[in-house]
Protein chains: 2
Amino acid sequence: MSNQNMSVPALRRLPLYYRCVIALKEEGKKFISCTDIGSRLELVPIQVRKDLQAAGATGRPKVGYEVDELETVLKEMLGYGKPTDAFIVGMGNLGQALTAHKEFERCGLEIVAAFDTSPLKIGRDYFGKRVFPLNKLVNLAQRMNIKMGIITTPAKSAQDIADIMVEAGIKGIWNFTPVHLNVPDDVYVHNENFMSSLSVLINRIS
Amino acid sequence: MSNQNMSVPALRRLPLYYRCVIALKEEGKKFISCTDIGSRLELVPIQVRKDLQAAGATGRPKVGYEVDELETVLKEMLGYGKPTDAFIVGMGNLGQALTAHKEFERCGLEIVAAFDTSPLKIGRDYFGKRVFPLNKLVNLAQRMNIKMGIITTPAKSAQDIADIMVEAGIKGIWNFTPVHLNVPDDVYVHNENFMSSLSVLINRIS
DNA sequence: TAGATTGTTAATCGATTAACAATC
DNA sequence: TAGATTGTTAATCGATTAACAATC
């Protein structure tokens, strides 16, 4: 169902549109145009139109897009309706922060279990999520049919964790470490590399 | 000094190259080629070469790049030598996690103060950083000549905080909320939008 | 020498933007 | 009707990749 041929940049903009649609809906709007969305997000209307088209939304000339319908189409494309279950490995500060993040559940992601190697953390609950020892990951992932993994460990463990995730049948890895992960072709890695973001910010400031 | 005309994608790859150079240096290498770096990062050598060229590095045909020199050039371009001071606003779980993040100091960023509105947090220290009340931000930023701000507040406060940062003379904002920020043209915003990353991951898994 | 590698110019590719007819 | 807006095809732009001479 989910369109695999949407480009990454377009896909990344959809959640912004979704937020916008929700906001405009709350203002009582029934129909909205690409210009409405674009002006809020500082994007040119044609780009919004192209993206909505790729997402499968249809509007009416002169009228715009029906708000409720657009909300449904975007929600469907983004997978907000049926959240994806995920495991998180590494319950340091960042792991805890992501586990605590309430917005994920409304946005298609459900962190169902956490993993760590520290005996101080194993068996504890963080924000309602139980921490398991790492050696339980493969078995649990297979039994629960987990397809997404989040890595928030120290950099030096990242590749080992990725290997374990691959063995467990995980198909999408959200990597918060600055390490490049080697995985098979059928596993998608998204690198949330804070150092990359910093480079751009520091460069643009000076 | 820092080259403003490097493209964002290239700039984002530099920290990966830097890590790679450090790793190869520790393996005892004196000279490295684009092929060495590319094979570690699964990038084609020509892309590495173009990026290094844009960063100002020069190599020698057949020999490659001198490791120490490459390290110096990248460090300079990335601003790792003289860390940029930054303020962080919003000391929830994510704010705390970023404040605790030790790697930042080695990578050009020094978080020098935190801000929050909660009386429970103001006056406390988190990982050695003092939390100040929000109304002290403008004055402190101007006195300390702060040019970078990090926003880790709830979404609904994000625009207000951005306005305060702009008033304070901050020129680069690292926005961890899913909100689009309206700022003047001379202020650069980098959005670390977790929802955008999630869209891609969820789409690629299914 | 032969072969690997850089530097540099040209070609390709994909995303963004423009143009414009169709529509309500 | 006139004007705003969508849908769609074409043009532009910028990043990536290819080609190849120069070099050690």
Side-chain angles (χ1 to χ4, degrees), chain A residues 3-14 16-17 20-21 24 29-71 73-74 77 180 191 196 199-200 203-204, chain B residues 3-14 16-17 20-21 24 29-71 73-74 77 180 191 196 199-200 203-204:
Chain A
N3 206 332
Q4 288 269 2
N5 53 23
M6 270 199 80
S7 72
V8 170
L11 216 30
R12 291 186 63 89
R13 284 187 293 266
L14 291 192
L16 311 181
Y17 300 161
C20 213
V21 168
L24 288 161
K29 291 255 177 64
K30 297 296 177 200
F31 290 89
I32 60 181
S33 71
C34 294
T35 315
D36 294 334
I37 296 177
S39 65
R40 292 206 167 211
L41 300 173
E42 294 182 286
L43 297 174
V44 289
I46 176 63
Q47 181 165 54
V48 178
R49 194 148 75 250
K50 278 268 165 171
D51 291 344
L52 293 183
Q53 186 170 258
T58 49
R60 277 190 283 158
K62 154 90 177 162
V63 178
Y65 298 84
E66 207 264 307
V67 172
D68 288 327
E69 192 188 311
L70 193 50
E71 183 191 350
V73 168
L74 289 175
M77 177 61 80
H180 175 82
N191 297 302
S196 291
S199 326
V200 185
N203 183 270
R204 290 301 184 261
Chain B
N3 206 334
Q4 287 270 1
N5 54 23
M6 269 198 83
S7 73
V8 169
L11 217 30
R12 292 186 62 90
R13 284 188 293 267
L14 292 192
L16 311 182
Y17 300 161
C20 213
V21 168
L24 288 161
K29 291 257 177 64
K30 296 296 177 203
F31 289 89
I32 60 182
S33 71
C34 294
T35 314
D36 295 333
I37 296 176
S39 65
R40 293 207 165 210
L41 300 173
E42 295 181 285
L43 297 174
V44 289
I46 175 66
Q47 182 165 52
V48 178
R49 194 148 75 250
K50 276 269 166 169
D51 290 345
L52 292 182
Q53 186 171 259
T58 50
R60 276 191 284 159
K62 154 91 175 160
V63 178
Y65 299 84
E66 207 265 306
V67 172
D68 288 328
E69 192 187 311
L70 193 50
E71 184 191 350
V73 168
L74 289 174
M77 176 61 80
H180 174 83
N191 298 301
S196 291
S199 325
V200 185
N203 183 269
R204 290 301 183 260

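Residue numbers start from 1 in every chain, and the chains themselves are labelled A, B, ... in the order their sequence lines are given, proteins ahead of strands.
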Q | Enclosure of B/Lys29 NZ (heavy-atom neighbours >12, cutoff 6.0 Å) | A | yes

Q. Could you spell out the base pairing of DNA chain D in dot-bracket, with Watson-Crick or G-U pairs whose two distances are under 3.5 Å, [ ] crossing and | to another strand?
A. ..||||||||||||||||||||||

**Q.** Nucleotide D/dT5, atom P - distance to CG of A/Leu52 in whole Å
**A.** 14 Å

Q) What pair of heavy atoms forms the shortest contact from B/Val48 to B/Leu43, and how long is it? A) CG2-CB, 4.2 Å

Q | Distance-minimising heavy-atom pair for A/Val73 and A/Ala55 | A | CG1-O, 3.5 Å

Q. Any idea which heavy atoms bring B/Met77 and B/Leu14 closest together, and the distance?
A. CG-CD1, 3.5 Å

Q) Does B/Gln53 place a side-chain N or O at less than 4.0 Å from the phosphate oxygens OP1/OP2 of C/dT6? A) no

(Q) Could you report the tightest heavy-atom contact between B/Gly59 and B/Tyr65, atom names first, then the distance? (A) N-CE2, 3.4 Å

Q. Reading nucleotides 14-24 of chain D from the 5' end, what letters show protein touch, with B for base, S for backbone sugar-phosphate only, - for no heavy atom under 4.0 Å?
A. -SSBBB---BB

Q) Taking all atoms of both residues into account, what is the closest heavy-atom pair of A/Met6 and A/Ala54, and its distance? A) CG-O, 3.8 Å

Q) Which atom names give the shortest non-hydrogen contact between B/Pro45 and B/Cys34, and what distance separates them? A) O-CB, 3.5 Å

Q: Calculate the interatomic distance between A/Tyr65 atom OH and D/dA4 atom P; express it in whole Å.
A: 18 Å

Q: Sort and list the pairs that fulfil side-chain hydrogen bond (donor to acceptor under 3.5 Å, both in side chains) and have at least one residue in residues 43-53 of chain B, not counting sequence neighbours.
A: B/Arg13-B/Asp51, B/Tyr17-B/Asp51

